[in-house]
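Just so we're on the same page: letters track the sequence lines, and every chain starts at 1.
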Amino acid sequence: MLRDTNCGELRKEHAARTVRLAGWVNRRRDHGGLIFVDLRDRSGLVQVVINPQTAPDAYRVADQLRNEWVVAINGTVGVRPAGTENPRLPTGGVEVYAQQVEVLNASKTPPFAIADEAEVEESLRLRYRYLYLRRSRMLRNLTLRHEVVQYIRRFLDARGFLDVETPILTRSTPEGARDYLVPSRVNPGQFYALPQSPQQLKQLLMVAGVERYYQIARCFRDEDLRADRQPEFTQLDLEMSFVEQKDILDLIEAMYTGMIEELCPAKRVVKPFPRITYREAMDRYGSDKPDMRFGLPLTDLSAEMAETQFQVLRQALAQGGVVKGVLAPGSADYSRKQLDDLAQLARDRGARGLVTIALRGGAQSLDALTMEDVHSVAARFFALPQVKAMARRLEAKPGDLLLLVAGPREVVNASLGALRLEVGHRMGLADPSMMAWGFVTDFPLFEWNAQEKRWNAAHHPFTAPHPEDMERLESDPASMRSQAYDLVCNGNEIASGSIRIHQPELQERVFRVLGYSREDAQERFGHLLEAFSYGAPPHGGIAPGIDRTVMLLADEESLREVIAFPKTQNATDLLFGAPSTVRPEQLREVHLRVVEATPQSAKEPQSSA
RNA sequence: GGCCCCGUGGUGUAGCGGCCUAACACACCGCCCUGUCACGGCGGAGACCGUGGGUUCGAAUCCCAUCGGGGUCGCCA
């Protein structure tokens with residue numbers, strides 16, 4: 001070994017020990033005589049002191065050092081002189097007195113500072129990913145990710161789960177996200193697809209009798225990116241036989257609570273995780289992935305507005321819609337501009353408009369409120385008792401702002417849900433140390449595809465219907481609930497899963513609703529259906545996103561910060577220059593010809609500097 | 001596919017029609033400095049403002065296009 005001690009581990013009890021360290025020069029402070037070098041390795045930093053009097057050879061080398069040079073240092077650990085300790089450094093009580101400094105490798109001046117945690121443009125971070133990863137925050141994130149995966153493996157291993165690998169080269173499926181395709185050289189004109197998830201494979205493993213399967217599985221989806229979406233991402237894919245929904249939710253809840261207690265004890269978690277239905281989530285939070293770190297529930301005010309003179313609301317109610325409201329605490333003094341922004345947010349989600357009612361003035365309580373205090377463009381349509389009734393339902397106080405939206409239930413929920421998040425964000429209502437986990441259950445089984453005028457599977461076509469709804473399967477698909485569930489945290493979808501259909505007869509009924517003929521089903525899922533005809537056990541599973549889990553635990557806003565080599569929003573890799581054009585002979589070999597190239601893709605692959 | 005934001009020395013920003021012969025901080029280079037830890041002091045080099053076109057007497061500043069990065073809607077069974 002070129003070293004015998006890690007920089008970050010040194011403490012006072014190591015005093016007088018002779019050590020050999022190796023790492024990067026994080027910073028160098030040259031006092032003309034004494035030189036201080038902060039030496040950095042993965043474990044952390046330690047201050048090295050080079051004294052020209054006691055170590056003249058070391059001093060001559062240290063005089064040349066620059067940031068990010070790689071050096072090895074022989075020296076002695078010493079307790080720092082009184083008054084020179086650095087309490088901000090874990091190793092701040094000690095320093096290393098260098099006897100010998102050896103340059104293992106010099107470094108060019110890096111394109112951005114490693115030691116500073118200053119923001120750097122995303123494209124630079126990605127172009128020089130290996131340098132960005134040197135930053136302590138990124139090494140911390142990579143470490144946390146490792147610990148999460150290790151925790152999961154230990155947890156599931158202890159409960160009898162088998163880690164089984166499934167193919168990366170698989171078959172394109174007609175439903176779901178766009179596939180990444182891989183041409184076959186030995187089968188001209190045919191393509192593999194990279195898995196969007198190992199969904200069908202894990203069900204086959206249940207038929208195979210594996211009973212408890214898991215895999216830390218890479219998944220690929222050729223869809224547009226977001227801060228929380230990468231084209232390749234990692235799921236904990238998991239499936240169990242002979243279980244009910246509750247068994248899976250209990251298991252996942254135990255895994256996540258244990259993981260957080262062990263890895264991130266500073267995080268606050270409410271146990272048990274609330275389990276709410278999709279209907280409740282939509283009605284109360286206007287989202288199927290509610291942020292439950294704060295309250296501000298959407299509240300149905302249809303009853304209060306039943307007799308309203310306000311045509312807009314009246315009309316919405318008459319057409320079978322609802323009037324709902326959400327509270328914006330302490331926002332009664334919002335400017336016209338601020339209110340307009342909120343209204344725009346509502347309109348973006350399909351609302352016709354937003355009614356704002358500001359409760360201003362010096363009233364000490366709602367009872368003391370007068371119409372003088374009620375500021376709203378629609379104030380003349382409201383009687384004071386109506387305003388007070390609404391305010392009471394929303395638990396508003398003087399100084400608060402009421403936000404009302406009227407229309408079809410779905411639109412009202414969506415727009416008020418967005419407003420609720422915006423208000424919570426503006427008011428800083430979410431405790432940053434809080435992780436508000438919860439399960440959302442009873443998702444709809446089907447959703448209407450207006451374009452193709454048919455039903456789609458809301459989750460996937462193998463999701464089991466809710467047992468109580470079974471007799472309505474054909475007669476009223478819209479009302480069908482499923483045994484599908486999500487794990488959510490702080491407004492993010494973290495996991496999704498379901499109990500699966502294991503009887504061929506039920507599967508065929510579902511396929512018929514989806515509009516698949518027997519031949520369609522055979523063509524699309526024949527291999528799975530055949531497998532199910534050989535004694536498939538009742539089974540179900542779930543697939544938590546590893547990247548999103550780590551992102552939340554690491555307090556990061558983007559998945560890119562917890563993935564070693566992420567892609568840009570255009571799904572490109574700035575470090576390798578992928579995707580790229582390939583040589584004509586490579587294309588010929590896989591029987592492909594590019595017939596339509598945009599100017600961009602026609603360009604020569606960029607040579608990496 | 002739509003909408004929005006950003007693009008100025010190596011990095012991060014300021015400048016937003018003439019005061020810009022482009023400013024500041026950090027980094028870089030040189031000299032000085034024996035207790036600093038975002039060390040300090042003095043001096044220096046370094047950008048023609050992503051790219052292309054246009055408007056204007058005059059453009060980093062306005063307009064259009066384009067490229068790159070980001071956010072978001074659609075999309076992600």
Determine the interatomic distance between C1' on B:G18 and the same-named atom on B:G58; round to the nearest Å.
-> 7 Å
If you take atom types as modelled and just measure distance, does the side chain of A:Glu121 reach the base of B:G7 with a donor-acceptor pair under 3.5 Å?
-> no
Is any side-chain N or O of A:Thr572 closer than 4.0 Å to OP1 or OP2 of B:G69?
-> yes
Phosphate oxygens OP1/OP2 of B:A77: is one of them under 4.0 Å from a side-chain N or O of A:Arg454?
-> no
Under 4.0 Å between any heavy atoms, over every strand shown, what does A:Ile35 touch: base, sugar-phosphate, or nothing? Just pick one.
-> nothing
Contact class for A:Glu85 vs. all strands (heavy atom < 4.0 Å): base, sugar-phosphate, or nothing?
-> base
Below 6.0 angstrom between ring centroids: does that apply to A:Phe532 and A:His502?
-> no
Aromatic ring centroids of A:Phe233 and A:Phe220 under 6.0 Å?
-> no
For B:U66 versus B:U56, give the span between their P atoms, rounded off to a whole number of Å.
-> 23 Å
Indicate whether A:Phe112 forms a stack on B:U11; treat it as stacked only if centroid distance is below 5.5 angstrom and interplanar angle below 30 degrees.
-> no
Is A:Glu119 touching bases, backbone alone, or none of the nucleic acid, heavy atoms closer than 4.0 Å?
-> sugar-phosphate
Determine yes or no for a side-chain-to-main-chain donor-acceptor pair under 3.5 angstrom, with A:Tyr97 supplying the side chain and A:Asn51 the backbone.
-> no
Quickly work out the A:Ile114 CD1 to B:G10 P distance and round it to whole Å.
-> 17 Å
Touch class at under 4.0 angstrom, heavy-atom based, for A:Gln569 against every strand present | base
Of the candidates B:C26, B:U36, B:G12, the side chain of A:Asp116 sits closest to B:C26
Do A:Glu556 and A:Asn141 have a side chain donor and acceptor closer than 3.5 Å?
-> yes
Protein-nucleic acid N or O pairs under 3.5 Å, nucleotides 73-75 of chain B:
unit_1, atom_1, unit_2, atom_2, d
B:C73, OP2, A:Arg226, NE, 3.3
B:C73, N4, A:Arg226, NH2, 3.4
B:G74, N7, A:Arg226, NH2, 2.8
B:G74, O6, A:Arg226, NH1, 2.9
B:G74, O6, A:Arg226, NH2, 2.9
B:G74, N1, A:Asp224, OD2, 2.6
B:G74, N2, A:Asp224, OD2, 3.2
B:C75, O2', A:Glu223, OE1, 2.7
B:C75, O2, A:Arg229, NH2, 3.1
B:C75, N3, A:Arg229, NH1, 3.2
B:C75, N3, A:Arg229, NH2, 2.8
B:C75, N4, A:Arg229, NH1, 3.2

B:C3 -> Watson-Crick or G-U wobble partner, both distances under 3.5 Å, gives B:G71
Hey, mind stepping through A:Phe443 and A:His459 against ring-ring contact (aromatic ring centres under 6.0 Å, His included) and telling me if it holds?
-> CA-CA 8 Å; A:Phe443 272 77; A:His459 185 55; 7.9 Å; no
Ignoring the backbone of A:Asn570, work out which of B:C29, B:G69, B:G70 is nearest its side chain.
-> B:G69
CD of A:Glu68 versus C1' of B:C28: gap in Å, rounded?
-> 14 Å
Is A:His31 stacked on the base of B:C39 when the test is centres under 5.5 angstrom and planes under 30 degrees?
-> yes
Residue mapping more 5' on RNA chain B - nearest nucleotide basis, A:Asn67 or A:Phe462 = A:Asn67
Salt bridge between A:Glu232 and A:Arg218, side-chain N to carboxylate O under 4.0 Å?
-> yes
Scanning all shown strands, the Watson-Crick or wobble mate of B:G52 with both distances under 3.5 Å is B:C64
Centroid-to-centroid, A:Trp455 to A:Trp448, below 6.0 Å?
-> yes
Rounded to the Å, how far apart are A:Leu45 CG and B:U36 P?
-> 18 Å
Identify whether any heavy atom of A:Ala177 sits under 4.0 Å from a base atom; if not, whether one sits that close to sugar-phosphate; answer base, sugar-phosphate or nothing.
-> sugar-phosphate
How would you label the contact of A:Asn456 with the nucleic acid (heavy atoms, under 4.0 Å): base, sugar-phosphate, or nothing?
-> nothing
